[in-house]
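First comes the structure, then the notes that go with it.
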Amino acid sequence: MDNQDLTDKIFDFISRFFKVILGVLALLIIVVLGCIAYFVYGVKSSNVSIAVDEKIENTPISVERMRQIGQWEFLCVSDEEVIDTTRSRLLHKDDELARVYTGKLRLGVDMREMKDDAIKLVGDSIIITLPEVKLLDEKFIDEAATKLLYESGKWSYADNELLYKMAQRKMKENCVTKENLATARENGKTQVRKMFDALGKKTVIVE
C-alpha cells in the first residue's frame, strides 16, 4: 500500500468519525432544547391553572386573602362642628369655652371579620357575604386642626376632654346616618364586583 492510499483512508476515517460525532451532538441539542421548552412552558401553564383554581375553587384561601385586606373604606365624610359650653359663677360673669372641631369619618368594612363561608360558588356565580358596614375608626377628629373660638375663665384638661367627646358624638350623629351607610354599602358592592370581574363570574354581594 503506497503512502497516498494510506493517507486517503485516514482522512476518510476521520471524516466519518466527525460526522458521527456531529450527528450525536445534534441529537443531544434537540433533546436538551425539547426538555427546556417543556420545563418552561409546561411549568408556567401548570402554575397558571393552580392560581386560577385557588381563586375560583378553593374558597377558604379566597376568604383568607380577602381578610388580609384589613379595613376597606367605602365612603369618607368630612364634618366641622362648633362646640361650646358655659359654666355659671355666683357674682361673676359666666365662663365660656368654644372650639371648632374638624373630622373625617371613614365608613367601610373590616375584612378580618369575614366568616369562613363568606364566599360561595353557585353555578357560574360567586356569592360574597361582607361584614357589616360601620365607622372604621373612632379617632376621626383632627386634633391638630382644632381651633379655639373663644375662652373665658379657667378650664381643666377634663373640661376640654368633655368638649372633645361632645364634638365626637355630634359628628357621629351627623355623618354615620342610614343614608351614608347605604351609600357606603353600594360603593362596597361596586368595588368588590370589580375585584372579581377578572374571574369571569357573576358576583352577588349579600349584606
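Source: prediction; values computed, not measured.
Of the possible donor and acceptor atoms, one in the side chain of R87 sits under 3.5 Å from a partner among the backbone N and O of K154. Using a distance-only test at 3.5 Å, with no hydrogens or angles considered, no donor-acceptor pair links the side chain of E96 to the main chain of Y150. Distance alone, capped at 3.5 Å, places no donor-acceptor pair between the D142 side chain and the T102 backbone.
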Inset, instruction - Decide side-chain contact (heavy atoms from CB on, under 4.5 Å) for Q71 and R112; before the verdict, give the C-alpha distance in whole Å, the side-chain angles of both, and the deciding distance to 0.1 Å. - result: CA-CA 8 Å; Q71 290 188 342; R112 292 167 294 190; 4.0 Å; yes
Inset, instruction - Walk me through it: do Q168 and F140 pass the test side-chain contact (heavy atoms from CB on, under 4.5 Å)? - result: CA-CA 8 Å; Q168 192 179 46; F140 49 79; 3.4 Å; yes
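The nearest pair of heavy atoms linking D95 to S152 is CB-O, 3.4 Å. Taking each heavy atom of K115 and V63 in turn, the nearest pair found is O-CG1, 3.5 Å. Nearest heavy-atom pair across R106 and C76 is CG-SG, 4.3 Å. Scanning all heavy atoms of the two residues, the minimum distance from I69 to M195 falls at CD1-CE, 3.8 Å. Contact record, C175 with L105: CB-CD2, 3.7 Å, taken as the closest heavy-atom pair. Closest approach of L135 to L107, counting heavy atoms only: CA-CD2, 3.9 Å.
Other residues, nucleotides and ligands contribute only 12 or fewer heavy atoms inside 6.0 Å of the OH atom of Y157.
Side chains of S156 and D159: a donor-acceptor N/O pair is present below 3.5 angstrom, by distance only.
Cluster membership check: I141 does not share its hydrophobic cluster with L149, using side-chain heavy-atom separations under 4.5 Å among Ile, Leu, Val, Met, Phe, Trp and Tyr. No path of Ile, Leu, Val, Met, Phe, Trp and Tyr side chains, each step under 4.5 Å between heavy atoms, connects L162 with V100, placing them in separate hydrophobic clusters. Following chains of ILVMFWY side-chain contacts shorter than 4.5 Å, one can reach W72 starting from L181, so the two form part of one hydrophobic cluster. W155 and Y101 fall within the same hydrophobic cluster, where Ile, Leu, Val, Met, Phe, Trp and Tyr residues are linked whenever their side-chain heavy atoms come under 4.5 Å apart, directly or through other members. Linking ILVMFWY side-chain heavy atoms closer than 4.5 Å, directly or via other members, places M111 and F74 in a single hydrophobic cluster.
The distance from atom CG of D110 to atom NZ of K134, rounded to the nearest 0.5 Å, is 5.5 Å. Once rounded to the nearest 0.5 Å, the distance linking CZ of R99 with CD of E151 reads 6.0 Å. Atom-to-atom distance recorded for M166:CE and L163:CG is 5.5 Å, nearest 0.5 angstrom.
Classification of K104 and E73 as a salt-bridged pair fails, no side-chain N sitting under 4.0 Å from a carboxylate O.
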Please table the atom pairs, donor to acceptor, closer than 3.5 Å between any side-chain atom in residues 77-86 and protein atoms at least two apart or in another chain.
residue, atom, partner, partner atom, Å
E81, OE2, N174, ND2, 2.6

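No side-chain heavy atom of I128 sits under 4.5 Å from any side-chain heavy atom of R193.
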